[in-house]
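To keep things clear, I will list the structure first and then write my remarks on it.
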Amino acid sequence: MKTYKICAKIALENFTMEEYNMLNISLFDILDYLPRTDCGSCISGSCTEFAKRLQNEEAQLEECRRLFSGGYTEEIEELRDLLKTAKRI
């Protein structure tokens, strides 16, 4: 049996399907909630790079000044929930 099949089997046995899906949060899942203006107000320089840093737990959501400048309340909450769930697993 290939290594990835073994890992998938172990993962499915130890996690619910929802938890397993959270292990695979994609870059696009995170980007869906970011402004995508590439304003450069964070140290990442672009929303894609910032999403990568969030995905790898190398950045804090608050580093995106544009997101917290107003009008993104729902996106902030959704993104916090997404990232919090991913960290619990």
Side-chain angles (χ1 to χ4, degrees):
M1 195 184 295
K2 300 272 187 202
T3 303
Y4 65 88
K5 287 184 180 177
I6 294 170
C7 291
K9 183 173 174 25
I10 292 168
L12 287 174
E13 288 175 355
N14 294 314
F15 297 110
T16 66
M17 187 52 83
E18 181 180 334
E19 291 171 331
Y20 182 72
N21 288 336
M22 291 308 298
L23 291 171
N24 298 312
I25 294 174
S26 78
L27 185 65
F28 298 107
D29 293 331
I30 296 170
L31 272 172
D32 281 344
Y33 298 105
L34 294 177
R36 293 197 218 185
T37 57
D38 294 334
C39 66
S41 67
C42 69
I43 64 169
S44 301
S46 73
C47 292
T48 302
E49 287 302 315
F50 183 64
K52 286 179 189 176
R53 291 182 62 235
L54 283 173
Q55 186 180 37
N56 295 325
E57 297 182 22
E58 298 169 351
Q60 298 294 318
L61 190 56
E62 292 75 18
E63 291 176 36
C64 178
R65 292 185 205 125
R66 176 75 175 193
L67 193 62
F68 287 88
S69 66
Y72 293 100
T73 306
E74 186 176 316
E75 289 84 352
I76 291 168
E77 292 306 313
E78 292 288 333
L79 193 48
R80 279 188 175 144
D81 288 345
L82 180 72
L83 296 171
K84 182 174 26 172
T85 303
K87 283 184 180 181
R88 273 199 333 244
I89 296 173

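Quick caveat, the model's predicted, so the values are computed rather than measured.
- Annotation for Lys52 and Leu27: closest pair N-CD1, 3.4 Å, computed over non-hydrogen atoms.
- Nearest heavy-atom pair across Leu83 and Ile30 is CD2-CD1, 4.3 Å.
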Determine all donor-acceptor pairs shorter than 3.5 Å in which one atom belongs to a side chain in residues 37-47; sequence neighbours excluded.
residue : atom : partner : partner atom : Å
Asp38   : OD1  : Cys47   : N            : 2.8
Ser44   : OG   : Arg53   : NH1          : 2.9
Ser46   : OG   : Glu49   : N            : 3.1

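- With a 6.0 Å radius and a threshold of 12 heavy atoms from other residues, nucleotides or ligands, Glu58 has its CD atom above the threshold.
- Taking all atoms of both residues into account, the shortest heavy-atom contact from Leu79 to Leu61 is CD2-CD1, 3.2 Å.
- Counting only distance, with no hydrogens or angles, the side chain of Glu63 and the backbone of Gln60 share a donor-acceptor pair below 3.5 Å.
- Rounded to the nearest 0.5 Å, atoms CZ (Phe28) and OG1 (Thr48) are 8.0 Å apart.
- Applying the salt bridge (charged side-chain N to carboxylate O under 4.0 Å, His left out) rule to Glu62 yields the partners Arg80; only residues at least two apart in sequence or on another chain are considered.
- Here the straight-line distance linking atom CG of Leu34 with atom CD1 of Ile76 works out to 10.5 Å at 0.5 Å rounding.
- With Asp29 contributing its side chain and Ser26 its backbone, the two residues share a donor-acceptor pair below 3.5 Å.
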